[in-house]
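In what follows, every chain begins at residue 1, and chains take the letters A, B, ... in the order their sequences are listed.
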Protein chains: 2
Amino acid sequence: MGNTRSAPTLDDVAKEAGVSTATVSRCLNSPERVVEKTRIRVMKAVEEMGYTPNFAARVMAAKQSFTIGAIIPTMENAIFARGLQAFQDELRERGYTLLVSSSAYKPGIEKEQIRTLVARGVDGLLLIGHEREEQIYEYLERHRVPVLIAWSYSPDVRQTSVGFSNRDAIFELAQNVIDAGHSRIAMISGFTEGNDRAQKRVVGIRDALCANGIDPDSMELVETTYEIDSGANAFVDLMSRPTRPTVVMCGNDVLAAGALRGARKMGISVPEEVSITGFDDIELAEIVSPPLTTVHVPHRKMGHKAAQELIAMVEGSSEGASTCINTHIVSRQSLAKPPKNAATNK
Amino acid sequence: MGNTRSAPTLDDVAKEAGVSTATVSRCLNSPERVVEKTRIRVMKAVEEMGYTPNFAARVMAAKQSFTIGAIIPTMENAIFARGLQAFQDELRERGYTLLVSSSAYKPGIEKEQIRTLVARGVDGLLLIGHEREEQIYEYLERHRVPVLIAWSYSPDVRQTSVGFSNRDAIFELAQNVIDAGHSRIAMISGFTEGNDRAQKRVVGIRDALCANGIDPDSMELVETTYEIDSGANAFVDLMSRPTRPTVVMCGNDVLAAGALRGARKMGISVPEEVSITGFDDIELAEIVSPPLTTVHVPHRKMGHKAAQELIAMVEGSSEGASTCINTHIVSRQSLAKPPKNAATNK
DNA sequence: TTGTAGGCGTTATCAA
DNA sequence: TTGATAACGCCTACAA
């Protein structure tokens with residue numbers, strides 16, 4: 001009755017080793033509770049048969065999967081990659097496995113993936129940004145799945161978050177920009193709908209303008225998708241308007257790289273004729289020319305911290321403590337003083 | 001006895017709708033087999049209770065998970081991101097979910113993750129490149145998990161692959177390089193151990209040298225990790241050797257971007273003093289300056305095709321048919337003729 | 001068309 | 001220290 005050519009089960013191993021399934025299970029999960037002689041015999045059988053426990057069965061029985069899920073907006077650029085890698089590294093070290101999905105910035109897809117991951121028995125979930133249907137958080141609560149929000153820090157909501165203040169971070173950058181002498185500031189932002197990170201970045205710049213006596217409504221703003229080309233197009237759009245800005249602040253480095261490309265295409269030199277800034281400080285920021293002045297986000301630190309906190313929540317040793325990660329400005333060549341006689345377009 | 005505040009099960013829904021669990025299950029999995037009136041009542045209960053099937057249980061009972069696993073070497077750069085996104089898009093459309101892990105280019109980690117994914121009941125697996133312990137393929141066969149290899153095409157092994165010929169692709173590029181007048185060619189490669197893609201790229205260049213009467217052993221070669229900085233360091237290393245190459249061919253665009261950075265640091269102008277080439281044609285290639293001459297890999301096409309074929313294998317409608325995707329050279333400014341009197345170093 | 005009941009591979013409780 | 005055995009939540013013959 002031995003199934004020679006298909007995956008062995010606990011039962012097969014038990015028979016082979018001449019013990020009960022319970023003993024095999026113990027050898028695997030709490031080896032100290034079985035006497036050495038038996039254990040050696042069992043482990044030998046496990047090795048020889050190439051046994052791997054069936055996870056589905058294990059999850060069902062143990063109601064624990066040692067698996068953490070994460071849903072990020074996109075895998076296509078490096079913005080989330082680095083933080084996520086750090087997150088995964090930390091998880092691995094602590095014996096957890098990471099399952100990743102990408103939602104393509106679509107709330108509908110994210111919702112579906114949350115259900116998929118929960119149904120799969122993840123012990124905890126990492127989500128990017130706060131804003132989503134309240135119903136989703138209720139669903140998660142009902143299923144007793146701890147959630148951690150990253151890439152955004154908000155002390156005044158009930159979800160635990162490990163992130164940074166998008167508003168404050170860009171406010172500081174905008175202050176630098178203004179201090180450099182700019183007053184005609186334009187912005188390229190990713191779509192803000194359903195994206196509190198993007199929203200806060202717009203707000204941050206507006207606030208900085210206000211704080212310096214500049215009318216925030218004078219800021220030209222283009223919202224677009226998150227690809228490089230979109231950044232290029234948005235830049236061309238902005239520079240074709242009646243009054244040219246002296247600086248274009250971008251919602252992230254990818255858009256800024258696009259803006260740079262747009263500038264090159266239009267034959268506009270950066271930063272001599274117009275300055276450009278980014279956000280995130282991913283590798284890209286240093287590679288483009290001129291390199292970007294941007295907001296440095298300590299992605300790895302955030303990833304590690306997020307993993308630690310989420311695991312603590314999963315294991316019940318924490319109720320969920322939010323952490324604010326500090327960002328800082330990195331000055332490179334893409335930001336300079338505005339040109340002396342910054343003429344209007346034409 | 002109703003559990004009000006925790007996740008509802010099939011049983012709860014059945015009770016609520018006044019039917020048996022079998023009927024609820026049918027409503028979810030083969031709605032046509034239940035009469036409309038009942039179905040509506042059941043679906044209403046499902047909606048209201050926010051029921052999500054428990055995946056572990058479903059997998060156990062049905063021995064199918066509609067889940068595909070993928071293990072990529074890294075999420076940290078865009079090399080795999082685009083193809084993987086396309087892969088996922090296609091899967092989603094066909095009703096499958098993708099689970100991704102990254103192995104950090106470590107065979108040991110990859111092996112562990114393969115077991116994890118298999119234990120989790122994935123219906124099929126996407127792996128990058130052919131080279132790994134034979135034992136792993138046996139394990140996969142034993143568990144009846146179809147595998148598809150991507151990013152590499154090899155007609156002469158038993159695994160199905162959807163990819164391209166790394167050797168031929170770079171051979172063509174090297175031929176272009178030689179045609180431009182170069183003969184002192186150096187290469188920066190990612191570590192070749194356990195990485196057939198990297199190996200084949202080295203071979204491709206060597207073959208091209210041979211084919212043009214150049215001694216392949218004259219090629220200076222540096223192997224390194226896959227980060228930008230490594231590329232920069234490797235470049236500096238190469239350019240500091242007694243005989244400077246007139247062109248540095250890189251195993252991928254990331255390394256090439258690094259080389260470019262190294263050149264900038266050394267004050268060497270590209271392509272006037274030295275040419276640099278890449279591989280992959282990710283966005284980065286177009287962004288750096290000068291933009292890279294490189295091998296264009298149709299990542300999206302590969303991702304889609306891979307998903308289609310793997311699903312066919314999973315569903316038993318294909319035994320596994322390999323596909324070779326064509327690459328082509330993209331000429332940009334980083335490759336030019338060698339300098340007139342290409343002097344040796346110093 | 002619908003319901004009953006057995007089984008999927010583990011873990012965990014309770015005895016022995 | 002070890003062994004029975006009852007869950008875990010779902011699917012699917014088979015029966016009604």
(request) Give a yes/no answer on whether the side chain of N54(A) brings an N or O atom under 4.0 Å of OP1 or OP2 in dC8(C). (result) no
(request) Give one of base, sugar-phosphate or nothing for Y51(B), where a contact means two heavy atoms less than 4.0 Å apart. (result) sugar-phosphate
(message) Classify L10(B) by what it touches in the nucleic acid, base, sugar-phosphate, or nothing, heavy-atom distance under 4.0 Å.
(response) sugar-phosphate
Strictly under 3.5 Å: I want the nitrogen or oxygen pairs between protein and nucleotides 2-4 of chain C, one per line.
{"residue": "dT2(C)", "atom": "OP1", "partner": "T38(B)", "partner atom": "OG1", "Å": "2.3"}
{"residue": "dT2(C)", "atom": "OP2", "partner": "V35(B)", "partner atom": "N", "Å": "3.0"}
{"residue": "dG3(C)", "atom": "OP2", "partner": "S20(B)", "partner atom": "N", "Å": "3.0"}
{"residue": "dG3(C)", "atom": "OP2", "partner": "S20(B)", "partner atom": "OG", "Å": "3.2"}
{"residue": "dG3(C)", "atom": "OP2", "partner": "T23(B)", "partner atom": "OG1", "Å": "2.5"}
{"residue": "dG3(C)", "atom": "N7", "partner": "R26(B)", "partner atom": "NH2", "Å": "3.2"}
{"residue": "dG3(C)", "atom": "O6", "partner": "R26(B)", "partner atom": "NH2", "Å": "2.4"}

(request) Using the closest heavy atom to pick a nucleotide of DNA chain C for each, name whichever of E32(B) or A61(B) lands nearer the 5' end. (result)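 In this pair, the answer is E32(B).
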Round to a whole Å and report the spacing from [atom1] of [X] to [atom2] of [N].
{"X": "M60(B)", "N": "dT11(C)", "atom1": "CE", "atom2": "P", "answer": "11 Å"}
{"X": "L28(A)", "N": "dT10(C)", "atom1": "CG", "atom2": "P", "answer": "9 Å"}
{"X": "D11(B)", "N": "dA5(C)", "atom1": "CG", "atom2": "C1'", "answer": "13 Å"}

Scan side-chain atoms only and decide if [X] and [Y] contain a donor-acceptor pair under the 3.5 Å cut-off.
{"X": "D11(B)", "Y": "T21(B)", "value": "no"}
{"X": "S152(B)", "Y": "R197(B)", "value": "no"}
{"X": "R132(B)", "Y": "Y137(B)", "value": "yes"}
{"X": "E309(B)", "Y": "S318(B)", "value": "yes"}
{"X": "Y139(B)", "Y": "T52(A)", "value": "yes"}

(request) For the pair E90(A) and R94(A), find out whether any cationic side-chain nitrogen is under 4.0 Å from an anionic carboxylate oxygen. (result)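 A salt bridge is present here (some side-chain N lies under 4.0 Å from a carboxylate O).
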(request) Give the first and the last nucleotide of DNA chain D, reading 5' to 3', that has any atom under 4.0 Å from a heavy atom of chain B. (result)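 That gives a stretch of dG9(D) to dA13(D).
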(request) Check whether the ring centres of Y105(A) and Y226(A) lie less than 6.0 Å apart, and answer yes or no. (result) yes
(message) Tell me if the aromatic rings of W151(B) and H299(B) count as close, with their centers under 6.0 Å from one another.
(response) yes
